[in-house]
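Structure first, commentary second.
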Amino acid sequence: MHDSEEKKGFSVTPHDNLQSLPIENNPKAGASVQIIDYAKGGVDQSGKSCELKFGSYCLWREQHREDMKDSMVKRLKDNLFVARAYYPSIAKLPSQDKLSREMRQNIQEVERVLSESTTDADLPPQIGKKLQRMQAAIARAKSFHVDCNNVDKKLRQIYDLTEDEANFHMRQSVFLYQLAVQTMPKSLHCLSMRLTVEYFRSPFDDTEASLADKYIDHALQHYVIFSTNVLASSVVINSTVMHAKESGKLVFHVLTDEENYFAMKLWFFRNTYKEATIQVLNMERLDLNNQKLQFSLPVEFRVSRSIDAQSRTEYLSTFSHLHYRLPEVFQNLEKVVVLDDDVVVQQDLSTLWNLNMEGKVNAAVQFCSVKLSLLKSYLGENSFNKNSCAWMSGLNVIDLVKWRELDLTETYQKFVKEVSTQEAQNEAVALHASLRTFQDLIYPLDGSWALSGLGHDYNVDVYPIRNAAVLHYNGKMKPWLELGIPKYKGYWKNFVNRDDQFLTDCNWNS
(Lines give C-alpha, C1' and ligand atoms only; values in the text may rest on other atoms or scores of the structure.)
Protein backbone atom coordinates (compact mmCIF):
# COMPACT_ATOMS: atom_id res chain seq x y z
CA MET A 1 0.00 0.00 0.00
CA HIS A 2 1.39 3.45 -0.89
CA ASP A 3 1.89 6.14 1.71
CA SER A 4 -0.83 8.30 0.20
CA GLU A 5 -3.28 5.44 0.47
CA GLU A 6 -2.38 4.90 4.14
CA LYS A 7 -3.38 8.45 4.92
CA LYS A 8 -6.80 7.87 3.46
CA GLY A 9 -7.57 4.77 5.51
CA PHE A 10 -7.83 1.08 4.83
CA SER A 11 -7.91 -0.28 1.30
CA VAL A 12 -11.08 -1.73 -0.12
CA THR A 13 -11.45 -3.10 -3.63
CA PRO A 14 -12.76 -0.20 -5.71
CA HIS A 15 -16.22 -0.42 -7.20
CA ASP A 16 -16.86 1.18 -10.54
CA ASN A 17 -20.59 1.57 -10.21
CA LEU A 18 -20.39 3.92 -7.24
CA GLN A 19 -19.76 6.94 -9.46
CA SER A 20 -20.27 7.53 -13.14
CA LEU A 21 -17.46 8.58 -15.45
CA PRO A 22 -16.40 12.20 -15.01
CA ILE A 23 -18.74 14.41 -16.97
CA GLU A 24 -16.03 16.47 -18.62
CA ASN A 25 -14.91 13.35 -20.51
CA ASN A 26 -18.35 12.98 -22.06
CA PRO A 27 -19.39 15.81 -24.40
CA LYS A 28 -23.00 14.62 -24.31
CA ALA A 29 -23.25 14.87 -20.56
CA GLY A 30 -25.07 17.64 -18.75
CA ALA A 31 -26.69 18.20 -15.40
CA SER A 32 -28.87 20.53 -13.48
CA VAL A 33 -29.83 20.93 -9.86
CA GLN A 34 -33.57 20.71 -9.36
CA ILE A 35 -35.09 22.11 -6.19
CA ILE A 36 -38.79 21.31 -6.42
CA ASP A 37 -41.33 22.94 -4.15
CA TYR A 38 -43.32 19.92 -2.99
CA ALA A 39 -45.66 22.17 -1.03
CA LYS A 40 -47.00 23.15 -4.47
CA GLY A 41 -47.25 19.59 -5.64
CA GLY A 42 -43.75 19.05 -7.08
CA VAL A 43 -45.28 18.23 -10.46
CA ASP A 44 -43.99 18.84 -13.94
CA GLN A 45 -46.93 19.60 -16.21
CA SER A 46 -44.87 18.70 -19.28
CA GLY A 47 -45.23 14.98 -18.52
CA LYS A 48 -41.52 14.30 -18.93
CA SER A 49 -39.82 11.21 -17.54
CA CYS A 50 -40.90 10.75 -13.95
CA GLU A 51 -37.57 9.01 -13.27
CA LEU A 52 -35.96 12.36 -14.01
CA LYS A 53 -38.61 14.51 -12.38
CA PHE A 54 -39.78 12.42 -9.45
CA GLY A 55 -36.71 10.58 -8.27
CA SER A 56 -37.19 6.81 -8.15
CA TYR A 57 -40.95 6.82 -7.77
CA CYS A 58 -41.41 4.98 -11.10
CA LEU A 59 -39.12 2.18 -9.99
CA TRP A 60 -40.81 1.97 -6.62
CA ARG A 61 -44.24 1.83 -8.30
CA GLU A 62 -43.14 -0.98 -10.61
CA GLN A 63 -41.66 -2.98 -7.75
CA HIS A 64 -44.82 -2.59 -5.68
CA ARG A 65 -47.31 -3.06 -8.51
CA GLU A 66 -50.37 -5.04 -7.45
CA ASP A 67 -53.08 -6.86 -9.35
CA MET A 68 -55.88 -4.61 -10.55
CA LYS A 69 -58.52 -4.14 -7.89
CA ASP A 70 -62.22 -3.58 -8.56
CA SER A 71 -61.90 -4.77 -12.13
CA MET A 72 -65.67 -4.99 -12.60
CA VAL A 73 -66.11 -1.30 -11.71
CA LYS A 74 -63.42 -0.41 -14.23
CA ARG A 75 -65.06 -2.54 -16.96
CA LEU A 76 -68.41 -0.87 -16.30
CA LYS A 77 -66.81 2.56 -16.67
CA ASP A 78 -65.07 1.59 -19.92
CA ASN A 79 -68.26 0.26 -21.48
CA LEU A 80 -70.21 3.27 -20.24
CA PHE A 81 -67.82 5.59 -22.11
CA VAL A 82 -68.22 3.62 -25.34
CA ALA A 83 -72.03 3.49 -25.02
CA ARG A 84 -72.15 7.25 -24.49
CA ALA A 85 -70.05 7.76 -27.61
CA TYR A 86 -72.36 5.68 -29.86
CA TYR A 87 -75.72 6.63 -28.35
CA PRO A 88 -76.11 10.10 -30.01
CA SER A 89 -75.59 8.60 -33.48
CA ILE A 90 -78.00 5.66 -32.89
CA ALA A 91 -80.65 8.04 -31.50
CA LYS A 92 -80.68 9.83 -34.88
CA LEU A 93 -81.67 6.63 -36.74
CA PRO A 94 -85.54 6.46 -36.86
CA SER A 95 -85.49 2.75 -37.56
CA GLN A 96 -83.52 1.99 -34.40
CA ASP A 97 -85.81 3.38 -31.73
CA LYS A 98 -85.76 0.09 -29.83
CA LEU A 99 -81.94 -0.07 -29.75
CA SER A 100 -81.80 3.61 -28.82
CA ARG A 101 -84.15 3.08 -25.85
CA GLU A 102 -82.18 -0.01 -24.80
CA MET A 103 -78.87 1.87 -24.88
CA ARG A 104 -80.34 4.81 -22.96
CA GLN A 105 -81.72 2.43 -20.32
CA ASN A 106 -78.35 0.63 -20.05
CA ILE A 107 -76.50 3.93 -19.68
CA GLN A 108 -78.87 5.15 -16.97
CA GLU A 109 -78.69 1.87 -15.04
CA VAL A 110 -74.89 1.76 -15.09
CA GLU A 111 -74.65 5.45 -14.14
CA ARG A 112 -76.91 4.80 -11.16
CA VAL A 113 -74.86 1.75 -10.10
CA LEU A 114 -71.56 3.67 -10.34
CA SER A 115 -72.97 6.59 -8.37
CA GLU A 116 -73.57 4.19 -5.47
CA SER A 117 -70.59 1.86 -5.85
CA THR A 118 -66.87 2.59 -5.93
CA THR A 119 -65.57 -0.97 -5.37
CA ASP A 120 -66.56 -4.41 -6.62
CA ALA A 121 -67.79 -5.28 -3.15
CA ASP A 122 -70.37 -2.47 -3.37
CA LEU A 123 -71.88 -3.68 -6.65
CA PRO A 124 -75.39 -5.17 -6.58
CA PRO A 125 -76.14 -8.80 -7.52
CA GLN A 126 -76.66 -9.66 -11.18
CA ILE A 127 -74.34 -6.82 -12.24
CA GLY A 128 -72.67 -9.22 -14.63
CA LYS A 129 -75.89 -9.57 -16.61
CA LYS A 130 -76.26 -5.77 -16.83
CA LEU A 131 -72.75 -5.58 -18.23
CA GLN A 132 -73.51 -8.30 -20.79
CA ARG A 133 -76.65 -6.46 -21.97
CA MET A 134 -74.70 -3.23 -22.39
CA GLN A 135 -71.93 -4.99 -24.32
CA ALA A 136 -74.50 -6.65 -26.61
CA ALA A 137 -76.15 -3.28 -27.30
CA ILE A 138 -72.77 -1.71 -28.07
CA ALA A 139 -71.92 -4.55 -30.47
CA ARG A 140 -75.21 -4.00 -32.33
CA ALA A 141 -74.60 -0.23 -32.45
CA LYS A 142 -71.20 -0.80 -34.03
CA SER A 143 -72.81 -2.83 -36.84
CA PHE A 144 -74.72 0.19 -38.19
CA HIS A 145 -73.36 2.81 -40.53
CA VAL A 146 -73.21 5.93 -38.40
CA ASP A 147 -71.50 9.27 -38.76
CA CYS A 148 -67.95 8.52 -37.64
CA ASN A 149 -67.30 12.19 -36.99
CA ASN A 150 -69.97 12.23 -34.29
CA VAL A 151 -68.57 9.13 -32.61
CA ASP A 152 -65.04 10.49 -32.90
CA LYS A 153 -66.09 13.84 -31.43
CA LYS A 154 -67.84 12.19 -28.50
CA LEU A 155 -64.95 9.84 -27.81
CA ARG A 156 -62.53 12.78 -27.86
CA GLN A 157 -64.66 14.62 -25.33
CA ILE A 158 -64.70 11.60 -23.07
CA TYR A 159 -60.96 11.09 -23.60
CA ASP A 160 -60.20 14.69 -22.63
CA LEU A 161 -62.26 14.35 -19.47
CA THR A 162 -60.55 11.06 -18.63
CA GLU A 163 -57.09 12.49 -19.35
CA ASP A 164 -57.78 15.43 -17.04
CA GLU A 165 -58.85 13.02 -14.32
CA ALA A 166 -55.77 10.84 -14.87
CA ASN A 167 -53.46 13.87 -14.70
CA PHE A 168 -55.13 14.96 -11.49
CA HIS A 169 -54.62 11.54 -9.93
CA MET A 170 -51.02 11.45 -11.16
CA ARG A 171 -50.28 14.80 -9.54
CA GLN A 172 -52.08 13.68 -6.40
CA SER A 173 -50.10 10.43 -6.35
CA VAL A 174 -46.77 12.24 -6.71
CA PHE A 175 -47.72 14.72 -4.00
CA LEU A 176 -48.78 11.94 -1.62
CA TYR A 177 -45.56 10.07 -2.37
CA GLN A 178 -43.47 13.10 -1.51
CA LEU A 179 -45.60 13.69 1.57
CA ALA A 180 -45.02 10.08 2.65
CA VAL A 181 -41.23 10.30 2.35
CA GLN A 182 -41.05 13.63 4.16
CA THR A 183 -43.40 12.76 7.03
CA MET A 184 -42.37 10.87 10.15
CA PRO A 185 -44.09 7.43 10.17
CA LYS A 186 -46.85 7.05 12.74
CA SER A 187 -44.94 4.40 14.69
CA LEU A 188 -41.84 6.59 15.05
CA HIS A 189 -43.93 9.61 16.00
CA CYS A 190 -45.61 7.41 18.63
CA LEU A 191 -42.18 6.35 19.89
CA SER A 192 -41.05 9.94 20.36
CA MET A 193 -44.29 10.95 22.10
CA ARG A 194 -44.32 7.91 24.42
CA LEU A 195 -40.71 8.51 25.42
CA THR A 196 -41.38 12.19 26.11
CA VAL A 197 -44.38 11.40 28.32
CA GLU A 198 -42.44 8.72 30.17
CA TYR A 199 -39.52 11.11 30.72
CA PHE A 200 -41.69 13.44 32.79
CA ARG A 201 -43.69 10.63 34.39
CA SER A 202 -40.74 8.75 35.83
CA PRO A 203 -37.83 11.06 36.64
CA PHE A 204 -34.46 9.32 36.52
CA ASP A 205 -31.03 10.11 37.89
CA ASP A 206 -29.23 12.25 35.38
CA THR A 207 -25.61 11.17 34.87
CA GLU A 208 -24.51 14.32 33.01
CA ALA A 209 -22.31 15.56 35.85
CA SER A 210 -20.37 12.30 36.16
CA LEU A 211 -19.70 12.23 32.42
CA ALA A 212 -18.78 15.89 31.98
CA ASP A 213 -15.05 15.15 31.76
CA LYS A 214 -15.56 12.61 28.99
CA TYR A 215 -17.48 15.13 26.89
CA ILE A 216 -14.33 17.26 26.53
CA ASP A 217 -11.59 14.63 26.75
CA HIS A 218 -9.27 15.05 23.76
CA ALA A 219 -8.01 11.48 24.12
CA LEU A 220 -11.44 10.10 23.22
CA GLN A 221 -13.11 9.82 19.81
CA HIS A 222 -15.97 12.30 19.47
CA TYR A 223 -18.82 11.71 17.00
CA VAL A 224 -21.51 14.31 16.25
CA ILE A 225 -24.99 13.40 14.97
CA PHE A 226 -27.68 15.93 13.98
CA SER A 227 -31.06 14.20 14.26
CA THR A 228 -34.72 14.47 15.21
CA ASN A 229 -35.25 10.73 14.71
CA VAL A 230 -34.71 8.64 17.84
CA LEU A 231 -34.49 5.31 16.06
CA ALA A 232 -32.25 6.55 13.24
CA SER A 233 -29.71 8.10 15.61
CA SER A 234 -29.80 4.90 17.69
CA VAL A 235 -28.93 2.81 14.63
CA VAL A 236 -26.00 5.08 13.77
CA ILE A 237 -24.59 4.77 17.29
CA ASN A 238 -25.28 1.04 17.62
CA SER A 239 -23.68 0.19 14.28
CA THR A 240 -20.62 2.32 15.09
CA VAL A 241 -20.16 0.77 18.54
CA MET A 242 -20.69 -2.80 17.34
CA HIS A 243 -17.77 -2.46 14.93
CA ALA A 244 -15.47 -0.46 17.21
CA LYS A 245 -12.37 -2.16 18.58
CA GLU A 246 -12.49 -0.07 21.76
CA SER A 247 -16.03 1.11 22.48
CA GLY A 248 -14.95 2.82 25.71
CA LYS A 249 -13.15 5.48 23.67
CA LEU A 250 -16.30 6.54 21.80
CA VAL A 251 -18.27 9.63 22.79
CA PHE A 252 -21.42 10.49 20.80
CA HIS A 253 -22.94 13.97 20.86
CA VAL A 254 -26.52 13.82 19.59
CA LEU A 255 -27.72 17.31 18.60
CA THR A 256 -31.49 17.62 18.39
CA ASP A 257 -34.37 20.12 18.72
CA GLU A 258 -36.67 21.08 21.57
CA GLU A 259 -39.47 18.75 20.46
CA ASN A 260 -37.39 15.57 20.49
CA TYR A 261 -34.89 16.37 23.23
CA PHE A 262 -36.63 14.57 26.11
CA ALA A 263 -37.40 11.50 24.00
CA MET A 264 -33.73 11.30 23.02
CA LYS A 265 -32.63 11.70 26.64
CA LEU A 266 -34.81 8.86 27.91
CA TRP A 267 -34.01 6.53 24.99
CA PHE A 268 -30.26 6.78 25.49
CA PHE A 269 -30.71 6.46 29.26
CA ARG A 270 -32.71 3.23 28.82
CA ASN A 271 -30.43 1.73 26.15
CA THR A 272 -26.72 1.15 26.56
CA TYR A 273 -24.19 0.75 23.77
CA LYS A 274 -21.32 -1.27 25.28
CA GLU A 275 -18.99 1.21 26.98
CA ALA A 276 -19.69 4.20 24.73
CA THR A 277 -20.72 7.57 26.20
CA ILE A 278 -23.69 9.49 24.80
CA GLN A 279 -24.57 13.15 25.30
CA VAL A 280 -27.85 14.65 24.08
CA LEU A 281 -27.91 18.41 23.42
CA ASN A 282 -30.93 20.61 22.82
CA MET A 283 -29.59 22.98 20.18
CA GLU A 284 -32.50 25.38 20.49
CA ARG A 285 -31.66 25.99 24.15
CA LEU A 286 -28.00 26.78 23.53
CA ASP A 287 -27.11 30.46 23.65
CA LEU A 288 -24.03 31.11 21.52
CA ASN A 289 -22.91 34.73 21.52
CA ASN A 290 -26.43 35.80 22.49
CA GLN A 291 -27.86 34.08 19.42
CA LYS A 292 -30.65 31.52 19.61
CA LEU A 293 -30.15 28.63 17.21
CA GLN A 294 -32.77 27.22 14.87
CA PHE A 295 -32.31 23.48 14.39
CA SER A 296 -31.63 22.23 10.87
CA LEU A 297 -30.62 18.92 9.32
CA PRO A 298 -28.23 18.27 6.40
CA VAL A 299 -29.61 19.52 3.10
CA GLU A 300 -30.11 17.19 0.12
CA PHE A 301 -30.18 18.30 -3.51
CA ARG A 302 -31.39 16.28 -6.46
CA VAL A 303 -28.96 16.50 -9.35
CA SER A 304 -30.20 15.27 -12.71
CA ARG A 305 -27.73 14.67 -15.48
CA SER A 306 -27.92 13.16 -18.93
CA ILE A 307 -25.36 10.71 -20.28
CA ASP A 308 -25.77 9.23 -23.77
CA ALA A 309 -29.42 10.33 -23.89
CA GLN A 310 -30.19 8.56 -20.60
CA SER A 311 -31.07 10.50 -17.48
CA ARG A 312 -29.60 9.71 -14.08
CA THR A 313 -30.68 11.19 -10.78
CA GLU A 314 -28.25 11.61 -7.86
CA TYR A 315 -28.68 13.15 -4.42
CA LEU A 316 -26.00 15.52 -3.16
CA SER A 317 -26.03 16.12 0.62
CA THR A 318 -24.29 19.09 2.25
CA PHE A 319 -24.05 20.74 5.67
CA SER A 320 -26.92 22.82 6.99
CA HIS A 321 -26.54 26.26 8.58
CA LEU A 322 -26.28 24.67 12.04
CA HIS A 323 -23.19 22.62 11.14
CA TYR A 324 -21.22 25.86 10.96
CA ARG A 325 -21.65 26.42 14.69
CA LEU A 326 -19.70 23.27 15.61
CA PRO A 327 -16.54 25.13 16.75
CA GLU A 328 -18.68 27.18 19.17
CA VAL A 329 -20.74 24.25 20.45
CA PHE A 330 -17.63 22.15 21.09
CA GLN A 331 -15.20 24.82 22.20
CA ASN A 332 -12.94 22.34 24.05
CA LEU A 333 -12.60 19.79 21.24
CA GLU A 334 -9.99 19.69 18.49
CA LYS A 335 -11.48 17.13 16.12
CA VAL A 336 -14.89 15.52 15.56
CA VAL A 337 -16.40 13.07 13.09
CA VAL A 338 -19.82 14.16 11.85
CA LEU A 339 -22.26 11.39 10.89
CA ASP A 340 -25.64 11.94 9.23
CA ASP A 341 -28.53 10.06 10.84
CA ASP A 342 -29.24 8.11 7.63
CA VAL A 343 -25.99 6.12 7.68
CA VAL A 344 -25.04 2.64 8.89
CA VAL A 345 -21.46 1.92 9.96
CA GLN A 346 -20.03 -1.45 8.93
CA GLN A 347 -16.37 -1.21 9.96
CA ASP A 348 -14.21 0.23 12.71
CA LEU A 349 -13.75 3.99 12.20
CA SER A 350 -10.83 4.49 14.57
CA THR A 351 -8.42 4.91 11.63
CA LEU A 352 -10.04 8.28 10.94
CA TRP A 353 -8.60 9.69 14.15
CA ASN A 354 -5.04 9.11 12.90
CA LEU A 355 -5.75 10.72 9.55
CA ASN A 356 -3.18 13.24 8.34
CA MET A 357 -5.42 15.83 6.68
CA GLU A 358 -2.44 17.82 5.31
CA GLY A 359 -3.77 21.15 6.55
CA LYS A 360 -7.30 20.64 5.23
CA VAL A 361 -10.38 21.21 7.38
CA ASN A 362 -12.99 18.73 6.14
CA ALA A 363 -12.21 15.14 5.18
CA ALA A 364 -15.06 13.94 2.98
CA VAL A 365 -15.87 11.57 0.16
CA GLN A 366 -15.92 13.58 -3.04
CA PHE A 367 -18.75 13.34 -5.57
CA CYS A 368 -16.83 13.65 -8.82
CA SER A 369 -19.74 12.70 -11.06
CA VAL A 370 -20.89 16.25 -10.27
CA LYS A 371 -18.34 18.96 -11.02
CA LEU A 372 -18.79 22.45 -9.64
CA SER A 373 -19.02 23.76 -13.20
CA LEU A 374 -22.43 22.11 -13.38
CA LEU A 375 -23.60 24.16 -10.39
CA LYS A 376 -22.54 27.55 -11.70
CA SER A 377 -26.10 28.90 -11.59
CA TYR A 378 -25.81 28.71 -7.79
CA LEU A 379 -22.13 29.51 -7.38
CA GLY A 380 -21.63 32.34 -9.86
CA GLU A 381 -19.32 32.38 -12.84
CA ASN A 382 -15.85 33.09 -11.44
CA SER A 383 -16.01 32.33 -7.73
CA PHE A 384 -14.78 28.73 -7.76
CA ASN A 385 -12.64 26.12 -9.47
CA LYS A 386 -14.98 24.70 -12.10
CA ASN A 387 -13.10 21.38 -12.25
CA SER A 388 -13.43 20.71 -8.52
CA CYS A 389 -15.65 17.86 -7.34
CA ALA A 390 -18.63 18.36 -5.07
CA TRP A 391 -18.30 16.72 -1.64
CA MET A 392 -20.78 14.74 0.42
CA SER A 393 -21.90 14.99 4.00
CA GLY A 394 -22.67 11.71 5.74
CA LEU A 395 -19.16 10.93 6.95
CA ASN A 396 -16.93 13.97 7.63
CA VAL A 397 -13.79 14.40 9.72
CA ILE A 398 -13.60 18.01 10.93
CA ASP A 399 -10.41 19.68 12.16
CA LEU A 400 -11.90 22.24 14.57
CA VAL A 401 -8.52 23.82 15.33
CA LYS A 402 -7.91 24.66 11.68
CA TRP A 403 -11.54 25.74 11.32
CA ARG A 404 -11.16 28.29 14.13
CA GLU A 405 -7.81 29.44 12.78
CA LEU A 406 -9.37 30.22 9.38
CA ASP A 407 -12.61 31.51 10.94
CA LEU A 408 -14.71 29.48 8.49
CA THR A 409 -17.91 30.20 10.38
CA GLU A 410 -17.53 33.89 9.54
CA THR A 411 -16.65 32.99 5.95
CA TYR A 412 -19.79 30.89 5.64
CA GLN A 413 -22.00 33.62 7.09
CA LYS A 414 -20.49 36.12 4.64
CA PHE A 415 -21.42 33.90 1.69
CA VAL A 416 -24.90 33.36 3.11
CA LYS A 417 -25.51 37.11 3.28
CA GLU A 418 -24.13 37.56 -0.21
CA VAL A 419 -26.46 34.99 -1.77
CA SER A 420 -29.46 35.89 0.41
CA THR A 421 -29.51 39.39 -1.06
CA GLN A 422 -30.29 37.76 -4.41
CA GLU A 423 -33.51 36.27 -3.01
CA ALA A 424 -32.34 32.73 -3.72
CA GLN A 425 -34.05 29.71 -2.17
CA ASN A 426 -32.86 28.76 1.29
CA GLU A 427 -31.54 25.39 0.04
CA ALA A 428 -29.60 27.09 -2.76
CA VAL A 429 -28.04 29.43 -0.20
CA ALA A 430 -26.79 26.45 1.84
CA LEU A 431 -25.33 24.76 -1.25
CA HIS A 432 -23.61 27.91 -2.48
CA ALA A 433 -22.17 28.86 0.89
CA SER A 434 -21.03 25.32 1.81
CA LEU A 435 -19.19 24.62 -1.42
CA ARG A 436 -17.48 28.02 -1.46
CA THR A 437 -16.56 27.94 2.25
CA PHE A 438 -14.67 24.65 1.92
CA GLN A 439 -13.16 25.37 -1.47
CA ASP A 440 -9.59 24.01 -1.45
CA LEU A 441 -10.11 22.82 2.14
CA ILE A 442 -11.51 19.33 1.43
CA TYR A 443 -9.30 16.34 2.12
CA PRO A 444 -10.60 13.55 -0.18
CA LEU A 445 -11.42 10.31 1.59
CA ASP A 446 -11.16 7.12 -0.41
CA GLY A 447 -14.54 6.26 -1.95
CA SER A 448 -14.61 2.97 -0.04
CA TRP A 449 -15.17 4.86 3.21
CA ALA A 450 -18.75 5.75 2.34
CA LEU A 451 -21.12 4.32 -0.26
CA SER A 452 -24.03 6.62 -1.10
CA GLY A 453 -27.23 6.12 -3.06
CA LEU A 454 -29.11 3.59 -0.94
CA GLY A 455 -32.04 5.97 -0.55
CA HIS A 456 -32.74 6.34 -4.27
CA ASP A 457 -30.67 3.98 -6.44
CA TYR A 458 -32.13 0.50 -6.99
CA ASN A 459 -29.03 -0.75 -8.82
CA VAL A 460 -26.23 -0.64 -6.24
CA ASP A 461 -24.32 -3.93 -6.37
CA VAL A 462 -24.03 -6.18 -3.34
CA TYR A 463 -20.22 -6.34 -3.40
CA PRO A 464 -19.53 -2.63 -2.80
CA ILE A 465 -22.30 -2.57 -0.18
CA ARG A 466 -20.62 -5.32 1.80
CA ASN A 467 -17.18 -3.71 1.57
CA ALA A 468 -18.04 -0.08 2.32
CA ALA A 469 -17.18 1.25 5.78
CA VAL A 470 -20.34 3.39 5.86
CA LEU A 471 -23.62 3.01 3.97
CA HIS A 472 -25.37 6.30 3.24
CA TYR A 473 -29.13 6.20 2.57
CA ASN A 474 -29.16 9.61 0.90
CA GLY A 475 -32.29 10.23 -1.13
CA LYS A 476 -35.99 10.23 -0.36
CA MET A 477 -36.47 6.54 0.44
CA LYS A 478 -35.02 6.25 3.93
CA PRO A 479 -34.75 2.76 5.47
CA TRP A 480 -37.20 3.54 8.30
CA LEU A 481 -39.95 4.40 5.78
CA GLU A 482 -42.35 1.93 4.22
CA LEU A 483 -41.25 3.41 0.88
CA GLY A 484 -37.61 2.50 1.56
CA ILE A 485 -35.90 0.25 -0.98
CA PRO A 486 -36.56 -3.29 0.34
CA LYS A 487 -33.26 -4.93 -0.56
CA TYR A 488 -31.26 -2.34 1.41
CA LYS A 489 -33.45 -2.22 4.53
CA GLY A 490 -31.86 -5.26 6.16
CA TYR A 491 -28.48 -3.55 6.58
CA TRP A 492 -30.23 -0.85 8.64
CA LYS A 493 -32.66 -3.05 10.58
CA ASN A 494 -29.81 -5.25 11.82
CA PHE A 495 -28.95 -2.50 14.31
CA VAL A 496 -32.43 -1.71 15.62
CA ASN A 497 -33.03 -2.60 19.28
CA ARG A 498 -36.06 -4.80 18.61
CA ASP A 499 -36.48 -5.71 22.30
CA ASP A 500 -37.37 -2.23 23.48
CA GLN A 501 -40.91 -2.22 24.91
CA PHE A 502 -41.75 1.18 23.43
CA LEU A 503 -41.18 -0.12 19.88
CA THR A 504 -43.59 -2.97 20.58
CA ASP A 505 -46.17 -0.63 22.06
CA CYS A 506 -45.97 1.64 19.01
CA ASN A 507 -46.35 -1.28 16.57
CA TRP A 508 -43.07 -0.58 14.85
CA ASN A 509 -42.86 -3.00 11.95
CA SER A 510 -39.56 -4.78 12.24
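Checked by atom type, the side-chain pair Tyr215/Thr277 shows no donor-acceptor distance below 3.5 Å. For the 3.5 Å distance criterion, the side chains of Asn497 and Asp500 fail to qualify, holding no donor opposite an acceptor. Side chains of Ser317 and Ser393: a donor on one and an acceptor on the other come within 3.5 Å. For Tyr473 and Ser452, the side-chain atoms include no donor-acceptor pair closer than 3.5 Å.
Listed by chain and residue number, nothing satisfies the salt bridge (charged side-chain N to carboxylate O under 4.0 Å, His left out) test with Asp399 (two or more places apart in sequence, or in another chain). Among residues two or more places apart in sequence or in another chain, the side chain to side chain donor-acceptor pair (under 3.5 Å) test is passed with Tyr488 by none.
By the 4.5 Å heavy-atom criterion applied to side chains, Ile225 and Leu255 are not counted as neighbours. In this structure, Tyr443 and Asn356 have side chains that are not in contact, with every pair of non-hydrogen atoms separated by 4.5 Å or more. Between Val397 and Lys335, the closest side-chain pair of non-hydrogen atoms falls below 4.5 Å. Between Leu231 and Trp492 the shortest side-chain heavy-atom distance falls below 4.5 Å. Counting only heavy atoms from C-beta outward, the side chains of Val496 and Leu503 approach each other to under 4.5 Å. Counting only heavy atoms from C-beta outward, the side chains of Leu352 and Leu395 approach each other to under 4.5 Å. In this structure, the side chains of Thr256 and Ser227 stay at 4.5 Å or more apart for every pair of heavy atoms. Between Trp403 and Phe438 the shortest side-chain heavy-atom distance falls below 4.5 Å.
Separation of the His323 and Phe226 ring centroids falls under the 6.0 Å cut-off. The aromatic ring centroids of His253 and Tyr223 lie 6.0 Å or more from each other.
Classified by interplanar angle (parallel below 30°, tilted 30° to 60°, perpendicular above 60°), the ring pair Phe319/Trp391 is perpendicular.
Residues in residues 235-248 take part in these side chain to side chain donor-acceptor pair (under 3.5 Å) pairs, two or more places apart or across chains: Glu246-Lys249.
Of the listed residues (Phe268, Trp267, Tyr199), just one forms a ring-ring contact (aromatic ring centres under 6.0 Å, His included) with Phe262, and that residue is Tyr199.
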Evaluation steps, ring-ring contact (aromatic ring centres under 6.0 Å, His included), between Tyr315 and Phe301: CA-CA 5 Å; Tyr315 282 83; Phe301 299 87; over 10 Å; no
From CA spacing to verdict: side-chain hydrogen bond (donor to acceptor under 3.5 Å, both in side chains), Asn229, Asp341: CA-CA 8 Å; Asn229 187 325; Asp341 68 355; 5.5 Å; no
Test salt bridge (charged side-chain N to carboxylate O under 4.0 Å, His left out) applied to Glu300 and Lys478, step by step: CA-CA 13 Å; Glu300 288 192 340; Lys478 304 298 184 186; 3.1 Å; yes
Residue pair His321, Tyr412: steps toward the side-chain hydrogen bond (donor to acceptor under 3.5 Å, both in side chains) verdict: CA-CA 9 Å; His321 297 313; Tyr412 174 79; 2.3 Å; yes
Asn260/Ser192 under side-chain hydrogen bond (donor to acceptor under 3.5 Å, both in side chains): CA gap, chis, key distance, verdict: CA-CA 7 Å; Asn260 295 280; Ser192 182; 3.1 Å; yes
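Pairing each heavy atom of Ala363 with each of Met357, the nearest pair is N-CE, 3.5 Å.
The CG atom of Asp217 lies 11.0 Å from the CG atom of Asn332; values are rounded to the nearest 0.5 Å.
Residues Glu275 and Lys214 are not paired through a salt bridge, judged by the lack of any N-O separation under 4.0 Å between the basic side chain and the carboxylate.
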